[in-house]
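Comments concern the structure below.
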Amino acid sequence: MTQAPAKPHRVVIVGAGFGGLEAAFGLRGAPVEITLIDRRNHHLFQPLLYQVATASLATSEIAWPIRYLLRDRPEVTTLFANVCGIDAAQKQVQLDDGGSIPYDTLILATGARHAYFGHDEWEPFAPGLKTLEDATTLRRRILVAFERAEREPDPDKRAALLTFVIIGAGPTGVEMAGTIADLANDTLPQDFRHIDTRKARVVLIEAGPRVLAGFPDDLSAYAQASLEKLGVEVMLGEPVTECSADGVVFGGRRLEARTIVWAAGVRASRAAEWLNAPADRAHRLQVEADLTVPGHPDVFAVGDTITIKGPDGNPVPGIAPAAKQEGRYVAALIKARLDGKTLPPFRYKHAGSLAQIGKKKAVIDFGWLKLRGSLAWWIWGLAHIYFLIGVRHRIAVAMNWLWIHTRDQRAARLITQGSSKVAQ
């Protein structure tokens with residue numbers, strides 16, 4: 001009697017971000033059947049999301065359809081669906097439409113959203129930047145502010161329209177502030193007749209004592225000085241206590257502003273709740289050294305979903321290279337397990353930290369080497385182009401940046417999602 005062939009090991013990956021996609025790539029050739037679930041149909045290159053928000057790049061230049069990326073992997077099934085829970089006892093992923101997906105091994109790469117530190121009511125007035133929808137919403141708000149200022153006769157209302165507040169001076173906040181300043185100072189002045197866009201105020205507010213707190217002191221000081229040279233007003237040590245449609249309150253004083261960007265904090269997905277597993281204050285799963293969830297050796301978690309300490313004792317940063325390393329490790333460990341083997345614990349290797357400051361300056365910390373200025377900007381650009389997927393996207397982004405660098409023009413200045421009569 002012929003024995004039935006063994007069923008492939010079922011791996012379910014929730015989330016097609018850097019960690020989830022890298023795990024899927026790493027499992028190529030393994031005797032597995034993969035189901036990749038994501039609530040969106042595209043993989044997003046988040047480090048350049050702020051460039052969509054500031055009209056430097058189009059959405060299609062930093063996002064790729066998931067099905068396209070995995071089109072030559074017949075063992076991978078992609079599902080456009082929303083996960084709402086996990087039944088660990090039955091080893092099933094639950095979907096919000098009532099369906100469920102069984103697994104033998106589960107990889108959670110569910111990412112994070114922005115956090116408002118107990119003030120979720122601020123979100124409508126101060127949107128964050130984690131998705132393409134966030135980016136296009138912010139792009140619309142920024143561009144509409146200039147358009148409305150062009151028609152506003154009241155000088156106080158016009159000043160509020162031309163005031164842009166960024167809350168949080170990490171890499172995203174610094175990059176947003178510098179790029180909005182470039183937009184106002186270099187790209188837009190010749191386009192308007194009744195306003196001088198160079199008089200726009202860009203205000204960067206940080207509760208901590210310095211910008212780019214994750215960088216060395218000297219690079220942080222350079223970044224602040226460079227921002228101020230661009231005209232950005234940097235406010236340190238003054239947490240925001242109120243956000244509204246009219247502006248913000250910080251340091252006990254009110255600033256009238258019609259455009260506010262939130263770049264101050266993140267909150268992980270609900271993965272810890274789904275498994276009733278330990279988590280930190282930002283709801284990130286506290287995983288074991290092999291990236292498994294405590295009490296669930298068949299469930300891995302990677303990327304912004306988790307917190308784990310690196311070799312230096314500090315938490316592994318929530319950046320793309322870290323998520324990719326974690327995804328590769330999990331794929332390798334699953335392969336090893338299927339062969340009856342194991343691997344040493346995950347060990348993060350920090351490749352460096354990078355942040356752009358406007359269109360011609362950046363700071364880079366490789367640990368053994370620190371760079372600043374225009375050379376750092378070129379290296380920053382080459383590094384980001386390298387990590388983009390596909391030759392066409394690399395060429396398109398490189399050409400856009402070259403055009404911005406030489407001509408101060410941004411081709412993606414499109415106001416979408418409504419007409420001039422629709423509120424921001």
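Quantities reported herein were computed from a predicted structural model and do not represent experimental measurements.
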Gap between atom [atom2] of [Y] and atom [atom1] of [X] - 0.5 Å precision:
X    : Y    : atom1 : atom2 : result
L21  : L36  : CG    : CG    : 7.0 Å
D365 : L219 : CG    : CG    : 6.0 Å
F45  : I389 : CZ    : CD1   : 9.0 Å
Y103 : T105 : OH    : OG1   : 9.0 Å
R73  : T78  : CZ    : OG1   : 10.0 Å
L204 : F164 : CG    : CZ    : 14.5 Å

Is the closest side-chain heavy-atom distance between [X] and [Y] below 4.5 Å?
X    : Y    : result
T259 : V165 : no
V232 : V203 : no
W262 : E123 : no
M176 : L129 : yes
V202 : E233 : no
E326 : F346 : yes
C84  : Q94  : yes
K157 : E256 : no

Going by atom types only, do [X] and [Y] share a side-chain donor-acceptor pair under 3.5 Å?
X    : Y    : answer
T305 : T110 : yes
D280 : Q286 : no
D182 : T179 : no
D246 : S244 : no
Y50  : Q356 : yes

Is a side-chain donor or acceptor of [X] paired with a backbone partner of [Y] at a separation under 3.5 angstrom?
X    : Y    : answer
R39  : F80  : no
E288 : D290 : no
H42  : S60  : no
R67  : N41  : no
H393 : E61  : no
E238 : M235 : no
R158 : P153 : yes
T292 : P297 : no
E206 : V211 : no
K335 : G26  : yes

(message) Please report whether the ring centroid of H384 lies less than 6.0 Å from that of Y386.
(response)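 Centroid distance Y386-H384: not below 6.0 Å, so no.
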(message) In this structure, is the centre-to-centre distance between the rings of F300 and Y329 below 6.0 Å?
(response)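 Ring-ring flag for Y329/F300: false, centres at least 6.0 Å apart.
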Are any of the side-chain nitrogens in [X] or [Y] under 4.0 Å away from the carboxylate oxygens of its partner?
X    : Y    : answer
R198 : D186 : no
E150 : R193 : no
K324 : E22  : yes
R28  : E75  : no
D38  : R40  : no

(request) Please step through side-chain contact (heavy atoms from CB on, under 4.5 Å) for the pair V302 and L108, ending with a clear verdict. (result) CA-CA 6 Å; V302 299; L108 296 173; over 6 Å; no
(request) Using the side-chain contact (heavy atoms from CB on, under 4.5 Å) rule, take I107 and V11 through it: C-alpha gap first, then chi angles, then the decisive distance, then the call. (result) CA-CA 8 Å; I107 304 173; V11 177; 4.0 Å; yes
Closest non-hydrogen atom pair between [X] and [Y], with its separation:
X    : Y    : answer
I260 : F125 : CB-O, 3.5 Å
S56  : N400 : O-CG, 4.1 Å
A263 : I166 : CB-CG2, 4.4 Å
R267 : E273 : NH2-OE2, 3.9 Å
I357 : S226 : CG2-CB, 3.8 Å
A112 : V266 : CB-CB, 4.3 Å

(message) Under the criterion side-chain contact (heavy atoms from CB on, under 4.5 Å), I'd like the reasoning laid out for I66 against L70: C-alpha separation, chi angles, the key distance, then a yes or no.
(response) CA-CA 6 Å; I66 300 167; L70 297 168; 4.1 Å; yes
(request) Only one of D120, D134, D304 passes salt bridge (Lys or Arg N to Asp or Glu O under 4.0 Å) with R113; say which it is. (result)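 Among the candidates, only D134 passes.
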(message) Angle between ring planes, F146 versus F192, binned at 30° and 60°: parallel, tilted or perpendicular?
(response)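 Judged by the thresholds at 30° and 60°, the geometry between F146 and F192 is tilted.
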(request) Please identify each residue that fulfils ring pair (Phe, Tyr, Trp, His ring centres under 6.0 Å) with H350, with sequence neighbours left out. (result)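 H350 satisfies ring pair (Phe, Tyr, Trp, His ring centres under 6.0 Å) with Y348 only.
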(request) Begin from the C-alpha positions of Q51 and W401 and carry the test side-chain hydrogen bond (donor to acceptor under 3.5 Å, both in side chains) through to its verdict. (result) CA-CA 10 Å; Q51 296 223 348; W401 284 348; 2.6 Å; yes
Heavy-atom neighbours of [X] [atom1] exceed 12 at 6.0 Å:
X    : atom1 : value
N276 : CG    : no
R253 : CZ    : yes
Q190 : CD    : no

(request) Check the pair V144 / I415 against side-chain contact (heavy atoms from CB on, under 4.5 Å), numbers first and verdict last. (result) CA-CA 7 Å; V144 165; I415 297 173; 3.8 Å; yes
